[in-house]
Protein chains: 2
Amino acid sequence: MELEEAKLKYIQTWGSLATSWGINKTMAQVHALLLVAAAPLSADAIMETLKISRGNVNMNVRALIDWGIVKKEFVPGERKEFFVADKDIWELFKQITKERKRREIEPVLKVLSELQNDVKDDTEDAKQFKTLMKDLTTVTTTVNTILEKAIKADEHWLLSNFTKLMKK
Amino acid sequence: MELEEAKLKYIQTWGSLATSWGINKTMAQVHALLLVAAAPLSADAIMETLKISRGNVNMNVRALIDWGIVKKEFVPGERKEFFVADKDIWELFKQITKERKRREIEPVLKVLSELQNDVKDDTEDAKQFKTLMKDLTTVTTTVNTILEKAIKADEHWLLSNFTKLMKK
DNA sequence: CTAAACTTTCAATAAATTTTGAAAATATAG
DNA sequence: CTATATTTTCAAAATTTATTGAAAGTTTAG
């Protein structure tokens with residue numbers, strides 16, 4: 001297979017994975033493109049390769065910059081802005097995880113805890129409800145704590161520790 | 001807070017979490033409703049509580065049954081079908097994980113591995129591409145293996161083991 | 001069997017999300 | 001400052017995804 005063909009296939013695949021995990025497809029594709037690019041790319045280059053509009057490129061590149069996984073790069077003699085992706089996949093994983101944890105898991109934990117405390121009924125049904133909330137909190141907290149640990153680790157914690165764990 | 005109010009709030013919260021993880025909101029809400037229901041519910045009861053159509057109830061309940069987290073229950077003297085959710089949150093986590101792993105992660109791993117093998121170029125750029133594919137494979141495989149282990153465990157593996165791990 | 005109760009299907013419709021593209025804003029060269 | 005290049009914004013259009021509801025299918029009681 002040609003390298004360029006392989007790159008495009010990778011960009012497509014990554015885009016569909018993103019879609020099924022509730023991440024914008026174009027955003028994932030722009031990121032994938034920057035990852036496999038040999039050099040920093042301009043907005044025009046991204047537009048052309050992915051066949052998307054200038055506005056779309058701008059919005060998604062900015063989102064990626066907000067997520068901290070893409071950076072602007074200055075190219076001497078050029079007026080345009082160029083973009084590069086952090087090539088460290090671990091960093092990508094960390095950033096995405098961090099963001100999702102903060103925006104999605106933590107608010108849910110807050111609501112679950114409120115619900116557990118606020119229901120004052122003492123019926124059998126209420127007890128069952130509280131038990132369910134407690135169970136959901138346990139699972140969610142566990143996941144949240146694991147992710148937190150993963151994010152804070154300086155080195156490839158997830159890989160090394162889970163490898164150890166799996167050998168048990 | 002009233003118990004019924006709390007139940008509705010939980011159903012809403014769970015629905016929005018589902019949405020941002022690429023899971024159908026109504027499906028998550030139907031499941032949440034069945035989880036907090038004191039008794040098995042008929043399609044009519046679900047329609048009424050969630051204010052959704054009969055067709056929508058039918059489709060989502062069947063999807064939940066396919067996922068193995070909801071079951072039909074026969075109620076003596078009733079002609080209608082009633083539904084109950086498996087109250088074990090661990091079971092829910094296992095089933096969802098299993099399904100997503102099979103449908104989403106495994107196909108991606110296959111493509112990544114193909115791309116790594118099929119590119120025959122020997123340029124610097126090709127080498128970098130292969131390295132990227134290898135890195136992505138490593139992270140994805142690790143996640144996949146962890147999930148596999150979690151699914152296969154008979155008991156609350158994830159909770160107990162990760163708790164241990166975190167105390168290190 | 002027949003009729004009523006209930007479930008399933010799926011084309012049409014609605015809702016949510018994404019994308020476009022042109023106008024406005026901003027930046028830089030001369 | 002002025003002209004030009006470049007980026008940003010955002011309302012409208014397109015696309016994708018979810019929902020409805022009525023007709024067709026199925027089951028069961030009598």
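The analysis underlying the following values was restricted to heavy atoms, covering all of them including side chains, and did not include hydrogens, waters or symmetry mates. If you're wondering where the values come from, they're calculated on a predicted model, not measured in any experiment. Within every chain, numbering begins at 1; the chains are lettered A, B, ... in the order of the sequence lines, protein sequences first and strands thereafter.
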Item to check | Partner set under side chain to side chain contact (heavy atoms under 4.5 Å, CB included) for B:Lys87, not counting sequence neighbours | outcome: B:Leu35

Checklist entry - Roughly how many Å is it from CD1 in B:Ile65 to P in C:dT8, rounded to a whole number? => result 8 Å

Next on the checklist: On DNA chain D, compare the nucleotides closest to A:Met59 and B:Lys51; which residue's is nearer the 5' end?
Outcome noted: A:Met59

Checklist entry - Hey, does B:Arg62 reach any base, or is it just sugar-phosphate, or nothing, if we go heavy atoms under 4.0 Å? => result sugar-phosphate

Next on the checklist: Measuring from the side chain of B:Asn58 (C-beta onward, heavy atoms only), which nucleotide among C:dT20, D:dT7, C:dT7 has the closest atom?
Outcome noted: C:dT7

Next on the checklist: Closest approach to the side chain of B:Thr26, judged atom by atom: which nucleotide of D:dT7, D:dT19, C:dT19 is it?
Outcome noted: D:dT19

Checklist entry - Charged N to carboxylate O below 4.0 Å: is that the case for A:Glu104 and A:Lys101? => result no

Checklist entry - Should A:Ile46 and A:Val75 be regarded as members of a common hydrophobic cluster, given that ILVMFWY residues are connected when their side-chain heavy atoms come within less than 4.5 Å of each other, either directly or indirectly? => result no

Checklist entry - Quick one: A:Glu81 CD to C:dT26 P, roughly how many Å, whole number? => result 14 Å

Item to check | Residue met sooner reading DNA chain C from 5', once B:Phe82 and B:Thr19 are mapped to nucleotides | outcome: B:Phe82

Next on the checklist: Using a distance-only criterion (donor-acceptor N/O pair, under 3.5 Å, no hydrogens), is the base of C:dT28 paired with the side chain of A:Arg79?
Outcome noted: yes

Item to check | Out of D:dT20, C:dT19, D:dT8, whichever nucleotide has its closest atom nearest the side chain of A:Ser53 | outcome: C:dT19

Next on the checklist: Is it the case that the side chains of A:Gln95 and A:Glu91 hold a donor-acceptor pair, with the cut-off being a distance below 3.5 Å and no angle test?
Outcome noted: yes

Checklist entry - Rounding to a whole Å, what distance do you find between B:Asn24:CG and C:dT17:C1'? => result 15 Å

Item to check | Nearest-Å distance for atom pair CZ/P, residues A:Phe74 and D:dT7 | outcome: 13 Å

Item to check | B:Ala43 side chain, from C-beta outward: closest of C:dT7, D:dG21, C:dT20 | outcome: C:dT7

Checklist entry - Over how many whole Å does the gap from B:Ile52 atom CD1 to D:dT17 atom P extend? => result 20 Å

